[in-house]
Amino acid sequence: MPRKENPGPISAQAQQELVSEGIENYELPKSIVMKIAKSALPEEARLTKETVLSLVKGSTVFINYLAATAHDVALSKQHKSIAASDVLKALELVDFGDLVDPLTEELKVYKDTAKSSTKKPRRDSTAAAPSASTAGKSFSISIPAQ
């Protein structure tokens with residue numbers, strides 16, 4: 001089957017029009033949206049079915065619009081992938097600039113946590129740890145001096 005022709009970059013507005021035709025295909029899980037909404041409300045507050053549906057559809061549209069705008073930002077920088085900085089810039093473009101500072105802080109905490117959890121103790125660069133396939137066999141690795 002031949003590939004579809006790539007029409008090139010399209011604007012955020014055009015992307016929104018394409019998505020809005022089948023937004024139901026991209027809806028966020030209702031259970032997750034309800035958990036987030038309930039965490040922001042007092043315990044005695046109840047959500048009707050219409051409220052949950054409105055939250056699901058509204059958050060789905062917002063995320064799609066933000067992603068499309070971030071994609072446009074990335075394309076303007078001639079990048080193929082969307083980076084966190086593109087999303088933060090997109091937030092400013094869609095008039096949610098007041099979220100940029102708190103999200104930047106959260107991103108820094110996340111990166112620090114990820115960095116510390118993946119940091120492993122350094123081993124001697126001339127010694128190699130035996131793997132399961134080489135256990136019991138003797139071998140040596142020599143690394144030429146630079």
Side-chain angles (χ1 to χ4, degrees), residues 1-137 139 141 143:
M1 181 174 215
R3 291 184 176 189
K4 292 181 181 179
E5 288 292 319
N6 186 359
I10 59 176
S11 69
Q13 181 65 34
Q15 291 176 26
Q16 276 303 109
E17 289 170 3
L18 288 173
V19 171
S20 65
E21 294 171 2
I23 197 86
E24 291 81 21
N25 296 330
Y26 302 102
E27 283 183 353
L28 298 170
K30 289 178 182 161
S31 60
I32 301 297
V33 173
M34 283 190 60
K35 281 182 186 179
I36 294 170
K38 284 185 177 184
S39 72
L41 296 172
E43 281 193 36
E44 64 273 2
R46 301 287 177 240
L47 300 173
T48 64
K49 288 182 182 180
E50 293 82 16
T51 303
V52 173
L53 182 64
S54 298
L55 287 171
V56 167
K57 290 204 180 280
S59 57
T60 301
V61 168
F62 175 74
I63 290 171
N64 280 316
Y65 184 65
L66 182 62
T69 306
H71 181 252
D72 288 347
V73 171
L75 286 178
S76 71
K77 296 178 182 178
Q78 298 178 343
H79 294 167
K80 292 183 179 181
S81 299
I82 298 172
S85 61
D86 299 331
V87 175
L88 295 173
K89 179 65 176 171
L91 280 168
E92 290 176 0
L93 292 174
V94 296
D95 294 331
F96 282 91
D98 55 328
L99 294 177
V100 172
D101 288 337
L103 288 175
T104 302
E105 289 299 316
E106 289 295 326
L107 183 62
K108 184 179 183 296
V109 169
Y110 170 77
K111 285 181 178 180
D112 291 343
T113 303
K115 191 182 294 183
S116 66
S117 67
T118 59
K119 206 178 253 187
K120 296 180 181 174
R122 293 184 69 151
R123 289 187 250 169
D124 185 10
S125 62
T126 59
S131 66
S133 63
T134 60
K137 299 177 185 175
F139 65 94
I141 297 175
I143 300 174

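Values below: every heavy atom of this structure, side chains too, minus hydrogens, waters and symmetry copies.
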Where Leu107 and Ala84 come nearest, the two heavy atoms and their spacing = CD2-CB, 3.6 Å
ask   = If you round to the nearest 0.5 Å, how far is OG of Ser54 from NZ of Lys49?
value = 14.0 Å
inquiry  = As an exercise, state the distance from CG of Leu91 to CG of Leu103, rounded to the nearest 0.5 Å.
reply    = 6.0 Å
ask   = Closest approach of Val100 and Leu88, non-hydrogen atoms and distance?
value = CG2-O, 3.6 Å
ask   = What is the distance from atom CG of Leu41 to atom CZ of Arg46, rounded to the nearest 0.5 Å?
value = 10.5 Å
query = Which value, rounded to the nearest 0.5 Å, describes the distance between Met34 atom CE and Thr51 atom OG1?
reply = 10.0 Å
inquiry  = Please report the interatomic distance CG(Leu99) to CG(Leu66), rounded to the nearest 0.5 Å.
reply    = 9.5 Å
request  = Check whether more than 12 heavy atoms from other residues, nucleotides or ligands sit under 6.0 Å from atom OH of Tyr110, and answer yes or no.
outcome  = no
request  = Check for a donor-acceptor pair, side chain of Asp86 on one end and backbone N or O of Ala83 on the other, with a separation under 3.5 Å.
outcome  = yes
query = Considering all heavy atoms of both residues, which atom of Ala74 and which atom of Ser81 are nearest to each other, and what is their separation?
reply = CB-O, 3.7 Å
For Ala70 against Ala90, the heavy-atom pair lying closest together = N-CB, 3.6 Å
request  = Count the heavy atoms of every other residue, nucleotide or ligand shown that sit under 6.0 Å from NZ of Lys77, and state whether that count exceeds 12.
outcome  = yes
task = Check whether any side-chain heavy atom of Asp72 lies under 4.5 Å from a side-chain heavy atom of Leu93, and answer yes or no.
result = no
key: Approximate separation, where rounding is to 0.5 Å, of Thr60 OG1 and Leu55 CG   = 10.0 Å
